[in-house]
Amino acid sequence: MLTKSYTWGYITGAGAILMGLLWVPLVLNGMAFGAWIEGIDWYRENAPSAVIEAAVIAIILTGIGFLVIFKKALGWYLIWLILFVIGVIFLSMFVGITYSYLAGIGYGADIFGISLFFVLSVFFLSLLWVQVRYWRKRKALI
């Protein structure tokens, strides 16, 4: 039986694993910046919960990456869910900040923010579309 290459799957899985491995250092970097701005007392109050949350998210992302690399459908469905949720969040932020800008209410509503949220929502929803297309084509050949 002829099957297609799973290169896109390996790239997606490796990306999820890499994001999982980098999640904790990125959160700790943000905590260090917060401590620099807010002071050491802020860090002592917020660091334990932030580290636990970051570790849980890192384990989940790494697990999803391994599921995709080992060609499990659950991994793909979870990646679709993540991309959909992130895309919808950025889309709703785009709509909200556009409304704030046009109505003249709220803080921080500017053209840069509007374009940033628009580009991010289009990126994540397009990536979701590419992932679904890839999996459906691959599914027909297996």
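In this text the structure is predicted, and so the values were computed from the model without any measurement. In what follows, residues are counted from 1 in the order of the sequence shown.
Under a hydrophobic-cluster definition in which Ile, Leu, Val, Met, Phe, Trp and Tyr are linked whenever side-chain heavy atoms come within less than 4.5 Å, directly or via other members, I37 and M31 are assigned to different clusters. Linking Ile, Leu, Val, Met, Phe, Trp and Tyr whenever their side-chain heavy atoms come within less than 4.5 Å puts V95 and I111 in one cluster. Clustering ILVMFWY residues whenever any of their side-chain heavy atoms sit less than 4.5 angstrom apart, transitively, puts V85 in the very cluster that holds V88. No path of Ile, Leu, Val, Met, Phe, Trp and Tyr side chains, each step under 4.5 Å between heavy atoms, connects I11 with W129, placing them in separate hydrophobic clusters. Cluster membership for I64 and L26, using ILVMFWY side-chain heavy atoms within less than 4.5 angstrom, is shared.
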- Message: What verdict does the side-chain contact (heavy atoms from CB on, under 4.5 Å) test give for W23 and V27, after you've listed the backbone C-alpha separation in whole Å, the side-chain angles of each residue and the deciding distance to 0.1 Å?
- Response: CA-CA 6 Å; W23 195 262; V27 169; 3.8 Å; yes
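Among F123, Y101, F118, F117, the single residue meeting the ring pair (Phe, Tyr, Trp, His ring centres under 6.0 Å) criterion with F94 is F118. For the ring pair (Phe, Tyr, Trp, His ring centres under 6.0 Å) test with F124, the passing option among F84, W80, F90 is F90; the others fail.
Evaluation of the salt bridge (charged side-chain N to carboxylate O under 4.0 Å, His left out) test over residues 6-15, restricted to residues two or more places apart or in two chains, returns none. Counting only residues at least two apart or on different chains, no side-chain hydrogen bond (donor to acceptor under 3.5 Å, both in side chains) pair has a member in residues 43-58.
In this structure, the separation between CD1 on I17 and OG1 on T62 is 7.0 Å, given to the nearest 0.5 Å. One distance of note links CG of L81 with CG of L74; it measures 10.5 Å at 0.5 Å rounding. Atoms CG and CG, on N29 and L22 in that order, are 11.5 Å from each other to the nearest 0.5 Å. Distance check: I82 CD1 to Q131 CD gives 11.0 Å after rounding to the nearest 0.5 Å. Expressed to the nearest 0.5 Å, how far CG of L67 lies from CG of L78 amounts to 7.0 Å. Rounded to the nearest 0.5 angstrom, I57 CD1 and L61 CG are separated by 7.5 Å.
Nearest heavy-atom pair across G87 and S121 is O-CB, 3.8 Å. Residues S92 and I89 share a closest heavy-atom pair of OG-O, 2.8 Å.
With sequence neighbours left out, W76 forms a ring-ring contact (aromatic ring centres under 6.0 Å, His included) with Y134, W135. Looking at residues two or more places apart in sequence or on another chain, you find a side chain to side chain contact (heavy atoms under 4.5 Å, CB included) between V24 and L28, A54, A58. Contacts of F112 classified as ring-ring contact (aromatic ring centres under 6.0 Å, His included), with partners at least two apart in sequence or in another chain: none. When the ring-ring contact (aromatic ring centres under 6.0 Å, His included) test is applied to W36, the partners found at least two apart in sequence or on another chain are F33.
Put simply, the side chain of T12 reaches to within 4.5 Å of the side chain of I79, judged on heavy atoms.
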